[in-house]
Student: 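I have a structure here, written as structure tokens, and I will follow up with some questions on it.
We name chains A, B, ... by the order of the sequence lines, and we start the count at 1 in each one.
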Protein chains: 2
Amino acid sequence: MAIGDELLTGQCIETNSAYLAERLGELGITVLAHWTIGDDPGDIADALGRAAQAAELVFVSGGLGPTPDDLTRQALAQAMGCPLALDEASLAHIEAFFRHRGRRVTETNRMQAMRPADAEAIANTMGTAPGISARLAKATVYCMPGVPHEMKAMFQQGIEPRLPRGDAVALRRVVHTFGMGESDIGTTLADLMRNEGDVRVGTTAKAGVISVRIVVRGAGRESAQATLDELQATVTERLGRIIFGQDDETLASAVGQLLTKRGQTLATAESCTGGLVGQLITAVGGSSTYYLGGVVAYANQAKCDILGVPAELLEKHGAVSERVAMAMASGCRQRLGSDWAVAVTGVAGPTGGTTAKPVGLVFKAVAGPDGASAGGYQFPGDREIVRLRAAHSVLNDLRLALL
Amino acid sequence: MAIGDELLTGQCIETNSAYLAERLGELGITVLAHWTIGDDPGDIADALGRAAQAAELVFVSGGLGPTPDDLTRQALAQAMGCPLALDEASLAHIEAFFRHRGRRVTETNRMQAMRPADAEAIANTMGTAPGISARLAKATVYCMPGVPHEMKAMFQQGIEPRLPRGDAVALRRVVHTFGMGESDIGTTLADLMRNEGDVRVGTTAKAGVISVRIVVRGAGRESAQATLDELQATVTERLGRIIFGQDDETLASAVGQLLTKRGQTLATAESCTGGLVGQLITAVGGSSTYYLGGVVAYANQAKCDILGVPAELLEKHGAVSERVAMAMASGCRQRLGSDWAVAVTGVAGPTGGTTAKPVGLVFKAVAGPDGASAGGYQFPGDREIVRLRAAHSVLNDLRLALL
């Protein structure tokens, strides 16, 4: 159950329920429904009561913040028919959190240390709002903050260890690919995607990355694991080199592993992606061992001055061209002193497109110890999607060059 | 109400409800809750029955596709207590759709032309699955496809024109701030956030950006608009300079507007953010008029070679220091020939922290025509959050310098 007017009115997309459902599925706990409720204490209390009738476990996110529109703790106390009480340990944690940042605790922050008298607080290691664990009807209710990273940390550290674990398991593996369309992958894996019995195989597409999801449910962990491994082996055999990783791995982390194995370094030269390629690479912890840095050469002057792209190349072919992409990659490799460099230049839109060079046209290049190669591609989608596809695509070019 | 196992199990994020809630809010229709239900005909029929008791209008998306796990039409017929019947017009549409693409209509596609006998079909201009409109208890139920662009087109073309339009409207404004904690804003606006009558004021926090949401419902557009404007004026007066924009505006777009007004240019020098600041700036369409580019100086060598940071400064103070941040900003401004430059250097984590320089410690600098200034901050959160907060924070420093 997610609480918040910003969710109910559609101002924000609700993502906590999907995260929780995924984790609960892995623990073999069946999810019956997700509900989103506004910041109304009566509505929240009603929903809590109904959920506690329908399920054994109720997970709530949101409405624990310090402002007057944070009403989950009051609503839970109302549903439980008990008053709110101050949780001393939570108050001490909140006071320490603010002291550490040199700020004063206000009366509204103290409110966060309140919980229904018959409930327990759950520690928040990422912020001030403690969670709440309580019995309601025949259910156990867990209330968590709405901020996703606080909710995730609290679930993993404070709630997951307390959950009942049945014999039934649901094992899940996601295999990520780049370079083949979703319908072609669907055709290649059609016999596996029939979804009979305890096995589910499906695909999801995001900015050119097609992920194949394999879920196996079963009474025993060993036989479920064997089925999962066998399915994954079949998928791997059929899709081959387009597979770049599994589960939490990304194109950037796959490239990082290959560079680490070779003991080589990387630099980036970006125009239309504006820093996105560097951001994806450095989103991987420990990327400083192989990533030296990069240049965002948005203006043509920067392409010449810092990357050494010849001005006549820009004049003759334009900034969005294979030749300039190649010169950017080679210049970047030289300038940063790296073993490898990638470059992207294109028309991200929504404006700036021409008949010859329409929105979505992107040139990418990879420069390495044995020379450079480049290519162009016409990406569909809006500015955000074109940029992300272009970034994924050049990282995949580099991955294939490193294989 | 969203239908689908892929939503219930958390494989996909559910976005249709947010879209519908936003459109309905604009029409003055109050949304009571969002529910997500799996591909189980009994669960769907139960939920439809309960929703039709609680509300006058029920909007359903998903479960109208051609595969055996698409069960919304059967569940609706079950809830209505009537059989399914073939809709001739829908069948003709489906046949034409396939003929147009040179494909044969299969038996499963014919299933999509079925609807409860006492219901009406709604045309789908973007795909094969027609929608359904039906009476259930005292409610009108509208079923739409789950694919977002088909759902949106059907809502706009086939459903919105049929909806009752009261005089009631709901107007919304979101005011974005940076630089004050959510609880302090809560204290400052406490009297406005009591949420009585037709006015709702609330806050949402994301990576240091605190957004104040004002929603006014009312019988007349004019008086609601007057109330909204008055509330926004009060919020603006109380929060002052920490407000950087409203609705779709971002810190990057606010900075862009200020630079455009001054006719000045910007460059970026990034270490721990790895390109994120550049990416945020270039996510704004038209940013090429003021953004020249930047340097991602991840390795110390790149800080010296490209940005001209003196090696002795790095040795004496370390890469994560106020002095180095300042030298990065000044060097970047010079190197790119821009009017302004911002720099970020810090420890994003999860590794690399020390007692003296813990994870989350970030130094930021702004260099401009009148010199440079820098400062440090200790950010909470994981790698992703530290990086986003640091990027937001330096953009806000620049905004304040430009004001």
Side-chain angles (χ1 to χ4, degrees), chain A residues 5-6 8-15 17-19 21-22 25 31 33-37 39 65-69 106 108-109 126-127 147 149 202 204 213 268 274-279 281-283 285-286 288 291-299 301-302 306 335-337 350-351 383-384, chain B residues 8-13 15 17-19 21-22 25 31 33-37 174 182-183 186-187 190 193-195 200 202-205 213 215 268 274-279 281-283 285-286 288 291-299 301-302 306 335-336 350-351 380-385:
Chain A
D5 276 354
E6 77 281 10
L8 190 63
T9 59
Q11 190 205 330
C12 297
I13 302 289
E14 202 277 297
T15 60
S17 298
Y19 170 82
E22 199 153 19
V31 178
H34 310 172
W35 296 351
T36 299
I37 313 289
D39 294 318
T67 57
D69 63 340
T106 63
T108 53
N109 294 124
M126 304 288 270
V147 180
H149 75 271
T204 337
R213 187 178 61 251
T268 52
L276 176 57
V277 179
Q279 195 234 315
I281 292 168
T282 58
S288 58
Y291 182 60
L292 301 184
V295 175
V296 180
Y298 219 54
Q301 196 62 44
I306 310 187
R335 195 73 186 80
L336 275 288
T351 57
R383 183 178 180 86
E384 195 185 333
Chain B
L8 190 64
T9 59
Q11 282 154 23
C12 296
I13 302 286
T15 60
S17 298
Y19 170 83
E22 200 152 19
V31 179
H34 310 171
W35 296 349
T36 299
I37 313 288
V174 185
E182 190 175 13
S183 57
T187 306
M193 292 172 75
R194 263 187 246 123
N195 291 339
R200 291 279 173 105
T203 58
T204 333
R213 185 181 60 253
V215 180
T268 53
L276 177 57
V277 179
Q279 194 233 315
I281 291 168
T282 58
S288 59
Y291 181 61
L292 301 184
V295 175
V296 179
Y298 219 55
Q301 197 60 43
I306 309 186
R335 195 74 187 77
L336 274 287
T351 57
D382 62 14
R383 183 178 180 86
E384 193 185 335
I385 290 289

Student: If you count heavy-atom pairs within less than 4.5 Å of chain A, which of B/Ala297, B/Gly381, B/Ser183 leads?
Tutor: B/Ser183
Student: What part of A/Glu14 gets within 4.5 angstrom of chain B, counting heavy atoms only: side chain, backbone, both, or neither?
Tutor: backbone
Student: For residues A/Ala21 and B/Gly10, report the shortest heavy-atom separation together with the two atoms involved.
Tutor: CB-N, 3.9 Å
Student: Return the set of residues passing side-chain hydrogen bond (donor to acceptor under 3.5 Å, both in side chains) with B/Gln279 (not counting sequence neighbours), or none when no residue passes.
Tutor: none
Student: Tell me, side chain or backbone of A/Gln11 under 4.5 Å from chain B's heavy atoms, or both, or neither?
Tutor: both
Student: How far does OG1 of B/Thr204 sit from CG of A/Asp69, to the nearest 0.5 angstrom?
Tutor: 8.0 Å
Student: Side chain, backbone, both or neither: which part of B/Glu182 has a heavy atom under 4.5 Å from chain A?
Tutor: both
Student: Given that the side chain runs from C-beta out, which part of A/Thr106 has a heavy atom under 4.5 Å from chain B: side chain, backbone, both or neither?
Tutor: side chain
Student: Considering only heavy atoms from C-beta outward, does the side chain of A/Thr36 approach that of B/Thr36 to under 4.5 Å?
Tutor: no
Student: Report which part of B/Thr15 has an atom under 4.5 Å of a heavy atom belonging to chain A: side chain, backbone, both, or neither.
Tutor: both
Student: Determine the option with the most heavy-atom pairs under 4.5 angstrom with chain B, choosing from A/Ile281, A/Val295, A/Leu276.
Tutor: A/Leu276
Student: Among the options A/Cys12, A/Gly127, A/Gly285, A/Gly25, pick out the one with the most heavy-atom pairs lying under 4.5 Å from chain B.
Tutor: A/Gly285
Student: Quick one: are B/Val215 and A/Asp5 in side-chain contact, heavy atoms under 4.5 Å?
Tutor: no
Student: Sort A/Tyr291 into side chain, backbone, both or neither according to what part of it lies under 4.5 angstrom from a heavy atom of chain B.
Tutor: both
Student: Is it the backbone or the side chain of B/Leu336 that comes under 4.5 Å from a heavy atom of chain A, or both, or neither?
Tutor: side chain
Student: Against chain B, label A/Thr9 side chain, backbone, both or neither, depending on which of its atoms sit under 4.5 Å from a heavy atom there.
Tutor: both
Student: What option among A/Thr351, A/Val277, A/Thr268, A/Ile306 has the most heavy-atom pairs under 4.5 Å with chain B?
Tutor: A/Ile306
Student: Measuring heavy-atom distances to chain A, does B/Leu8 have an atom under 4.5 Å in its side chain, in its backbone, in both, or in neither?
Tutor: both
Student: First locate atom OG of A/Ser17, then atom NE2 of B/His34, and finally report the distance between them rounded to the nearest 0.5 Å.
Tutor: 11.5 Å
Student: Of the backbone (N, CA, C, O) and the side chain (C-beta and beyond), which part of B/Ala33 lies under 4.5 Å from a heavy atom of chain A, both, or neither?
Tutor: both
Student: Shorter than 4.5 Å, heavy atoms on both sides: which option in B/Gly293, B/Ala302, B/Gly294, B/Pro350 has the most such pairs with chain A?
Tutor: B/Gly294
Student: Based on non-hydrogen pairs under 4.5 Å, which of A/Glu384, A/Arg383, A/Met126 is most in contact with chain B?
Tutor: A/Arg383
Student: Return the set of residues passing side-chain hydrogen bond (donor to acceptor under 3.5 Å, both in side chains) with B/Arg335 (not counting sequence neighbours), or none when no residue passes.
Tutor: none
Student: Just give me the residue among A/Gly286, A/Gly337, A/Ala283, A/Ser288 that pairs up with chain B most often, heavy atom to heavy atom, under 4.5 Å.
Tutor: A/Ala283
Student: Using every non-hydrogen atom in the two residues, find where A/Gly274 and B/Thr282 come nearest and quote the distance to one decimal.
Tutor: CA-OG1, 3.4 Å
Student: Show the nearest heavy-atom pair for residues B/Gly186 and A/Pro68, with the distance to one decimal.
Tutor: O-CD, 4.4 Å
Student: Verify the neighbour count for atom CD of B/Glu22: are there more than 12 heavy atoms of other residues, nucleotides or ligands below 6.0 Å?
Tutor: yes
Student: Can you say whether B/Val174 sits under 4.5 Å from chain A via the side chain, the backbone, both, or neither, judging by heavy atoms?
Tutor: side chain
